[in-house]
Novice: 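Right, I'll just put the structure down here and ask away after.
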Amino acid sequence: MEIRIHYNDDDYIVYAPGMDYDGDNKFVSTIVNTLNEINELEYGQTVISRLTDDADNIFSITDDFGSVENSYEFRGKEGGAIIKAAAILSGSFDQGVENLGHELFHGYQLEMGQSPFSIDSEVGATLFGKSLRLGFSFYQGQDPQASLQYSQAMSNLLMARDFNLTDFQKAVNNFNLN
């Protein structure tokens, strides 16, 4: 049904793709900005839209740490999941994109009828998170079309069974050293 960003125990805002947050809560601001960046990529948009438009569940992002110090955590519960994401405030932007994307992908898996608690699911979420990070780490502030082309090509290369020269060339042509 929705993604909720909790800023107090009982208070939250409902995330809508592309939304602006004008408040002064740094956690909420960082989560909204990160979700918006993930939503910029086609495959990120697929996950975000599934969790906001088509979801049967509620996904709550909280300002808590996972069970390991300074970590993220996905906890399934009746009617959805809790994503503990306080660690987003202590890392770089691209780390936040990767880690939050990883946990959101577990929600996507849940929505698709897969168990988010298997080795296969963990590997899938890791690939998704890393593909997001690769897409954004080279392109912060750069041409969004080149970023999209590069990110999609890298994602295809990471997730493909066979090497695809066309995707490789697309990644090379859109790579930016700045």
Side-chain angles (χ1 to χ4, degrees), residues 1-19 21 23 25-136 151 154-156 158-159 161:
M1 292 236 218
E2 60 193 20
I3 296 175
R4 294 178 179 175
I5 305 167
H6 291 259
Y7 53 92
N8 288 323
D9 289 338
D10 297 323
D11 297 323
Y12 62 87
I13 65 166
V14 175
Y15 173 74
M19 72 181 283
Y21 173 73
N25 185 296
K26 185 168 174 60
F27 175 75
V28 173
S29 175
T30 302
I31 294 292
V32 167
N33 289 336
T34 304
L35 290 170
N36 284 339
E37 289 295 326
I38 292 170
N39 194 57
E40 288 292 316
L41 296 173
E42 184 177 341
Y43 57 95
Q45 187 176 53
T46 299
V47 169
I48 296 287
S49 100
R50 181 67 188 203
L51 300 182
T52 57
D53 297 340
D54 301 330
D56 295 325
N57 299 299
I58 294 172
F59 299 93
S60 297
I61 302 173
T62 66
D63 191 4
D64 298 304
F65 289 104
S67 56
V68 176
E69 184 178 334
N70 205 26
S71 69
Y72 293 73
E73 186 173 288
F74 180 89
R75 287 208 173 213
K77 64 176 189 136
E78 184 73 31
I82 295 172
I83 298 172
K84 296 181 178 185
I88 201 161
L89 296 176
S90 59
S92 66
F93 178 77
D94 57 330
Q95 288 171 324
V97 166
E98 177 180 349
N99 293 323
L100 186 58
H102 175 110
E103 302 307 338
L104 290 170
F105 197 75
H106 285 311
Y108 180 79
Q109 292 165 330
L110 184 69
E111 285 298 311
M112 299 304 289
Q114 302 168 2
S115 169
F117 306 109
S118 69
I119 293 171
D120 291 352
S121 295
E122 194 60 33
V123 170
T126 299
L127 277 170
F128 181 75
K130 289 194 178 302
S131 69
L132 290 172
R133 184 175 186 170
L134 284 172
F136 290 118
S151 297
M154 289 299 290
S155 178
N156 292 343
L158 285 168
M159 296 182 194
R161 289 181 185 249

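Computed from a prediction, not measured in an experiment: that's the story for all the values here.
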Novice: For the OG1 atom of Thr52 and the CZ atom of Phe59, what is their distance to the nearest 0.5 Å?
Specialist: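 Reported value, rounded in 0.5 Å steps: 10.5 Å.
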Novice: Could you tell me the separation between the OH atom of Tyr15 and the CD1 atom of Ile48, rounded to the nearest 0.5 Å?
Specialist: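 Nearest 0.5 Å value for the OH-CD1 distance: 5.5 Å.
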Novice: Within the 3.5 Å criterion, strictly below it, is a donor on Asp120 or Ser118 matched to an acceptor on the partner's side chain?
Specialist: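 Side chains of Asp120 and Ser118: no pair found under 3.5 Å.
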Novice: Under 3.5 Å, is there a donor-acceptor pair between the Glu73 and Ser67 side chains?
Specialist: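 A pair is found: one side chain offers a donor N or O, the other an acceptor, under 3.5 Å apart.
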Novice: Can you name the residues that form a salt bridge (charged side-chain N to carboxylate O under 4.0 Å, His left out) with Glu98, not counting sequence neighbours?
Specialist: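 Testing Glu98 for salt bridge (charged side-chain N to carboxylate O under 4.0 Å, His left out), a comparison that skips the adjacent residues, returns Lys130, Arg133.
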Novice: For the pair Glu2 (side chain) and Val14 (backbone), establish whether a donor and an acceptor sit closer than 3.5 Å, ignoring hydrogens and angles.
Specialist: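 No: the side chain of Glu2 does not pair with the backbone of Val14.
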Novice: Which value, rounded to the nearest 0.5 Å, describes the distance between Thr126 atom OG1 and Asn99 atom CG?
Specialist: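 Atom-to-atom, Thr126:OG1 and Asn99:CG are 9.5 Å apart.
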Novice: Any side-chain to backbone donor/acceptor pair from Asn36 onto Met19? Under 3.5 Å, distance only.
Specialist: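 Present.
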Novice: Do other residues, nucleotides or ligands put more than 12 heavy atoms under 6.0 Å from the CZ atom of Arg4?
Specialist: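 Yes - once you tally the heavy atoms of other residues, nucleotides and ligands closer than 6.0 Å, there are more than 12.
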Novice: Kindly indicate, with the supporting measurements, whether the criterion side chain to side chain contact (heavy atoms under 4.5 Å, CB included) is fulfilled by Ile3 and Ile83.
Specialist: CA-CA 10 Å; Ile3 296 175; Ile83 298 172; over 6 Å; no
Novice: Evaluate the side chain to side chain contact (heavy atoms under 4.5 Å, CB included) criterion for residues Gln45 and Asn39: first the C-alpha distance (whole Å), next the side-chain angles of each, then the deciding distance (0.1 Å), finally the verdict.
Specialist: CA-CA 4 Å; Gln45 187 176 53; Asn39 194 57; 3.4 Å; yes
Novice: Say whether, by atom type as modelled, one donor and one acceptor occur between the side chain of Thr62 and the main chain of His6 under 3.5 angstrom.
Specialist: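 Between the backbone of His6 and the side chain of Thr62 there is no qualifying donor-acceptor contact (under 3.5 Å).
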Novice: So, taking the atom named CZ in Phe74 and the one named CG in Leu110, what distance separates them when rounded to the nearest 0.5 Å?
Specialist: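 Phe74 atom CZ to Leu110 atom CG measures 5.5 Å (nearest 0.5 Å).
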Novice: State whether the side chain of Asn25 and the backbone N or O of Val28 hold a donor-acceptor pair below 3.5 Å, judged by distance alone.
Specialist: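 Yes: the side chain of Asn25 pairs with the backbone of Val28.
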Novice: Would one find more than 12 heavy atoms of other residues, nucleotides or ligands at under 6.0 Å from atom CD of Glu42?
Specialist: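 Atom CD in Glu42 is not crowded, with 12 or fewer foreign heavy atoms closer than 6.0 Å.
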Novice: Using 30° and 60° as the class limits, which term best fits the ring planes of Phe128 and Tyr43: parallel, tilted or perpendicular?
Specialist: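 Because their plane-to-plane angle is over 60°, the rings of Phe128 and Tyr43 count as perpendicular.
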Novice: Output the distance between atom CD (Gln109) and atom CZ (Arg50), rounded to the nearest 0.5 Å.
Specialist: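 Spacing of CD (Gln109) from CZ (Arg50) equals 12.5 Å.
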Novice: Does the Tyr72 side chain pair with the main chain of Ile88, one donor and one acceptor, at a distance under 3.5 Å?
Specialist: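 Yes; at least one donor-acceptor contact below 3.5 Å.
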